[in-house]
Engineer: 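Structure incoming, see below.
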Amino acid sequence: MRLNQYQGQNQVQSPMTSAHIAQTMTLLYMTSTELLQTIDVELSKNPALELVNERRCPMCGRKLPPQGPCPICSQPKSLDPDETIVFVSPRDDFYNYSGSGKSYSDDMPEDPYSSTPLNLPTYVLRQVAPELEKDEREIAAMILTNLDDDGFLAIEVREICRFHHTTPSKVEAILKKIQRCDPLGVSARNIKEALLAQVEFLSESSIVPEFVRRAISEDFELLQKRHYSELAKKLGTSVQKIKLVSHYISENLNPFPARANWGTFRQPNDNTPDVFHQPDILIYYLDNKPGNPLIIEIITPSRGTLRLNPLFKKALKEQSEEKQEEWKKDLDKASLLIKCIQQRNNTMRQLMEKIVEVQKSFIIHGDVHLEPLTRAEVAENLDVHESTISRAVANKTIQLPNRKIIPMSTFFDRSLSVRAIMRNIIENENHAMNDTEIRKILEKQGIQVARRTVAKYRAMEGILPAHLRRIEKFATA
DNA sequence: CTATGGCACGGATT
DNA sequence: AATCCGTGCCATAG
């Protein structure tokens with residue numbers, strides 16, 4: 001077994017065990033929110049683990065003030081825009097964001113969240129209020145105060161009816177209206193409902209590929225399980241089409257309405273509350289001024305410092321032999337967890353350093369500038385195993401300087417930039433170009449793709465074929 | 001006959 | 001080992 005795959009700076013000294021490897025992998029795979037839960041669980045069942053009320057920098061170990069990241073590790077040395085600071089930031093309050101509207105900004109004016117401390121219920125209520133009668137507003141308020149972290153309705157419609165002495169149909173009508181408000185799909189009862197609300201809305205202003213709606217409403221189960229062939233049969237279409245449908249959904253729709261700024265269709269404005277669901281990594285300019293150095297903040301959950309409980313250690317020595325054995329197990333588990341969390345932070349930091357090095361232009365200037373990058377490349381560069389990178393990237397989300405939250409895997413999307421360029425070409429075309437022509441233009445720009453591929457990219461972007469665009473864009477004379 | 005979409009294969013990626 | 005993605009070939013619609 002390759003053990004050197006976990007070597008980095010801050011190397012843990014003790015020998016690697018297979019348990020260590022297994023746990024590092026599992027932790028790496030988790031988002032910061034999940035990691036927090038894991039830590040809580042461990043704390044509650046392992047007496048050897050202790051949380052002390054003292055914050056330390058996960059990178060350098062210095063003691064920290066009660067708020068914010070390490071002032072030394074997180075500060076750039078200069079205002080040189082070429083400089084990039086990557087640091088691990090211990091956040092002790094991020095899990096309180098959902099619904100509560102708690103603002104991180106109180107002591108940190110330059111914090112990226114600081115703009116609007118508006119909470120989700122208020123934000124949405126303001127939007128629907130004008131459309132509602134007085135009594136309806138109260139129902140809306142009840143709905144909005146009963147949303148869960150992801151923006152789903154966490155209460156039965158029946159209960160709302162009982163409370164307000166009204167009928168389900170009336171409540172449903174209000175729900176429908178709320179779902180059309182800004183975090184599109186908010187107050188849905190499940191993912192399916194949220195997605196449908198979004199499709200509904202999108203289809204009014206843009207073209208939604210066929211079968212998207214039906215796939216969600218009729219066979220969402222199959223879609224989730226990725227049983228594409230079965231789904232294709234049921235809807236009477238090809239597997240190919242279904243894959244595109246699936247792709248469209250993952251690119252354009254947000255299954256969790258309260259995870260703000262997810263995906264591309266939602267354009268955040270100044271009044272948009274930024275964070276209801278925490279991304280794992282934040283990228284922003286120093287002081288939020290474009291042109292300043294980029295700051296990469298890797299969030300790690302912590303409400304203090306995790307350490308081995310000294311009292312437990314002491315008590316261990318006073319135990320009988322057989323009990324010692326048992327206690328020792330807890331102790332080992334605890335120290336393992338601590339080491340693994342360090343390892344996780346370390347890997348995430350190295351990964352981000354590499355990503356920013358390659359994709360800085362994409363982060364600043366957008367889709368067109370995404371460089372081709374594979375996980376394998378990064379893995380080789382950092383001298384870790386490929387699967388380590390895969391796990392580190394999976395399920396993580398990143399907030400870009402423009403406040404959009406994107407999946408981390410976007411940095412490894414092979415076709416994103418080509419698709420963006422292709423979109424531009426088609427937008428600026430002065431006659432409806434067919435796929436072969438588009439292919440030629442791309443080739444002129446140094447991008448070699450097959451004609452067939454152009455067709456696929458078009459489909460992914462929901463762009464119609466040439467003969468139909470001709471009718472849409474260029475009124476036939 | 002031309003433009004597009006379906007299927008299937010192979011190589012890369014996870 | 002399983003899945004994803006680009007591409008070639010062929011069918012079909014226009």
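Chain naming here is simple, since letters A, B, ... match the order of the sequence lines and numbering starts at 1 in each.
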Engineer: Inspect the contact between Asp40(A) and Arg303(A) and indicate whether a charged nitrogen and a carboxylate oxygen are less than 4.0 angstrom apart.
Structural biologist: yes
Engineer: For Ser415(A), answer base if it contacts any base atom (sugar-phosphate contacts may also be present), sugar-phosphate if it contacts only those atoms, and nothing otherwise; contact means non-hydrogen atoms under 4.0 Å.
Structural biologist: sugar-phosphate
Engineer: Is the shortest distance from a Lys or Arg side-chain nitrogen in Asp367(A) or Arg419(A) to a carboxylate oxygen in the other one below 4.0 Å?
Structural biologist: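 Salt bridge flag = no for Arg419(A) with Asp367(A).
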Engineer: Reckon Ala459(A) touches a base, only the sugar-phosphate, or nothing at all at heavy-atom distances under 4.0 Å?
Structural biologist: nothing
Engineer: Once you round it to whole Å, what is the distance between C1' of dC1(B) and CG of Asn434(A)?
Structural biologist: 13 Å
Engineer: Go through dT4(B), dT13(B), dT7(C) for me and flag the one nearest to the Val449(A) side chain.
Structural biologist: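 It is dT7(C).
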Engineer: State which residues pass ring-ring contact (aromatic ring centres under 6.0 Å, His included) with His227(A); sequence neighbours excluded, sorted by chain then number.
Structural biologist: none
Engineer: Would you say Tyr285(A) has more than 12 foreign heavy atoms packed within less than 6.0 Å of its OH?
Structural biologist: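 More than 12 heavy atoms, drawn from other residues, nucleotides or ligands, come within 6.0 Å of this atom.
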Engineer: Measure CZ/Arg470(A) against C1'/dT2(B) and give the value in whole Å, please.
Structural biologist: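 Between C1' of dT2(B) and CZ of Arg470(A): 12 Å.
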Engineer: Sort me out a list of protein N/O and nucleotides 6-10 of chain B N/O pairs below 3.5 Å, or just none if empty.
Structural biologist:
residue, atom, partner, partner atom, Å
dG6(B), OP1, Lys241(A), NZ, 3.3
dG6(B), N7, Arg452(A), NH2, 2.8
dG6(B), O6, Arg452(A), NE, 2.6

Engineer: Using a 4.0 Å heavy-atom cut-off, does Tyr457(A) contact any base of the nucleic acid, only the sugar-phosphate backbone, or nothing at all?
Structural biologist: sugar-phosphate
Engineer: Over all strands shown, is Arg439(A) touching base, sugar-phosphate only, or nothing at heavy-atom distances under 4.0 angstrom?
Structural biologist: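 If one applies the 4.0 Å heavy-atom cut-off, Arg439(A) turns out to touch nothing in the nucleic acid.
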Engineer: Using the closest heavy atom to pick a nucleotide of DNA chain B for each, name whichever of Ser390(A) or Met433(A) lands nearer the 5' end.
Structural biologist: Met433(A)
Engineer: Closer than 4.0 angstrom, basic N to acidic O: yes or no for Arg91(A) and Glu297(A)?
Structural biologist: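 Between Glu297(A) and Arg91(A) there is a salt bridge, with a charged N closer than 4.0 Å to a carboxylate O.
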Engineer: State whether Glu437(A) and Lys440(A) are salt-bridged, where the test is any N-O pair (Lys NZ or Arg NE/NH1/NH2 against Asp/Glu carboxylate O) under 4.0 Å.
Structural biologist: no
